[in-house]
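Numbered from 1 within each chain, the chains take letters A, B, ... in sequence-line order.
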Amino acid sequence: DQQVKQNSPSLSVQEGRISILNCDYTNSMFDYFLWYKKYPAEGPTFLISISSIKDKNEDGRFTVFLNKSAKHLSLHIVPSQPGDSAVYFCAAVGYGGATNKLIFGTGTLLAVQP
Amino acid sequence: DTEVTQTPKHLVMGMTNKKSLKCEQHMGHRAMYWYKQKAKKPPELMFVYSYEKLSINESVPSRFSPECPNSSLLNLHLHALQPEDSALYLCASSQAQGPYNEQFFGPGTRLTVL
């Protein structure tokens, strides 16, 4: 049972345009969401996060939007750059106080074309 | 130093072998994690150590034995593995165990069980 889903396994975008990566979750008890970026032969790198009390968080070119009623979040990258080409994982933290268990989505491979 | 290192990068072992994976961080983090990632799947949590004590074991088979000899080191001892245990094993650390602590990941060890 996949609690965090990324339905697009891949996405191709032109350099300079917007990349939109989507993520859906099923568990309403999730209260914190993160995006990780992974290059080949490297571990995931934290990118940006959002708490369930917010609906938007912005950091430079990266913005994450959270729609709790739809159990949906998205990552916007503007403008996209070739160096952004990587696998992007959405992750959710299970509610439980001291538990820091990340539940990852299946990932979306972003290819930014020059 | 914001790096988590893992050795070896690649490991091939037979089903009767005993081997160990090593993970090291010098960020003063007191929580360390082992994840398993199969091809085209998200990382899945195996173990969490908090202040050198095993905090979470996600019902991992006993052929995987974690060890945290000190606050900087985390080992995963492997014995009598099965071919289906072939995967990327990721180590991560965070300042403390808790839902809002960013996890830093190592590059992983690619394990093949013959």
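For CD of B/Glu52, the number of neighbouring non-hydrogen atoms (other residues, nucleotides, ligands) closer than 6.0 Å is greater than 12. No more than 12 heavy-atom neighbours from other residues, nucleotides or ligands sit within 6.0 angstrom of CD on B/Gln95.
Within the 4.5 Å cutoff, no side-chain heavy atoms of B/Gln6 are placed close to those of B/Leu21. Looking at heavy atoms from C-beta onward, B/Ser50 lies out of side-chain contact with B/Arg30 at the 4.5 angstrom threshold. Contact check for B/Lys38 versus B/Glu44: no side-chain heavy atoms found under the 4.5 Å cut-off.
Aromatic ring pairs are classed by plane angle as parallel below 30°, tilted from 30° to 60° and perpendicular above 60°; the pair B/Tyr35 and A/Phe104 is perpendicular. In this structure, B/His29 and B/Phe104 have tilted ring planes: the angle between them lies in the 30° to 60° band.
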message: Assess the residue pair B/Gln37 and A/Lys38 against the criterion (side-chain contact (heavy atoms from CB on, under 4.5 Å)); give the C-alpha distance rounded to whole Å, side-chain angles, the decisive distance to 0.1 Å, and a yes or no.
response: CA-CA 13 Å; B/Gln37 186 178 16; A/Lys38 186 178 187 301; 3.8 Å; yes
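Scanning all heavy atoms of the two residues, the minimum distance from A/Ser74 to A/His76 falls at OG-NE2, 3.4 Å.
With a threshold of 4.5 angstrom between heavy atoms, A/Tyr39 does not approach chain B through any atom at all.
For the set B/Ser55, B/Gly108, B/Pro43, the count of heavy-atom pairs under 4.5 angstrom toward chain A peaks at B/Pro43.
Along residues 40-53 of chain A, the residues that come nearer than 4.5 angstrom to chain B, judged on non-hydrogen atoms, are A/Ala41, A/Glu42, A/Gly43, A/Pro44, A/Phe46 in order of number. Interface residues of residues 105-114 of chain A toward chain B, defined by a heavy-atom distance below 4.5 Å and sorted by number: A/Gly105, A/Thr106.
A ring-centre distance under 6.0 Å is found for A/Phe33 and A/Tyr25.
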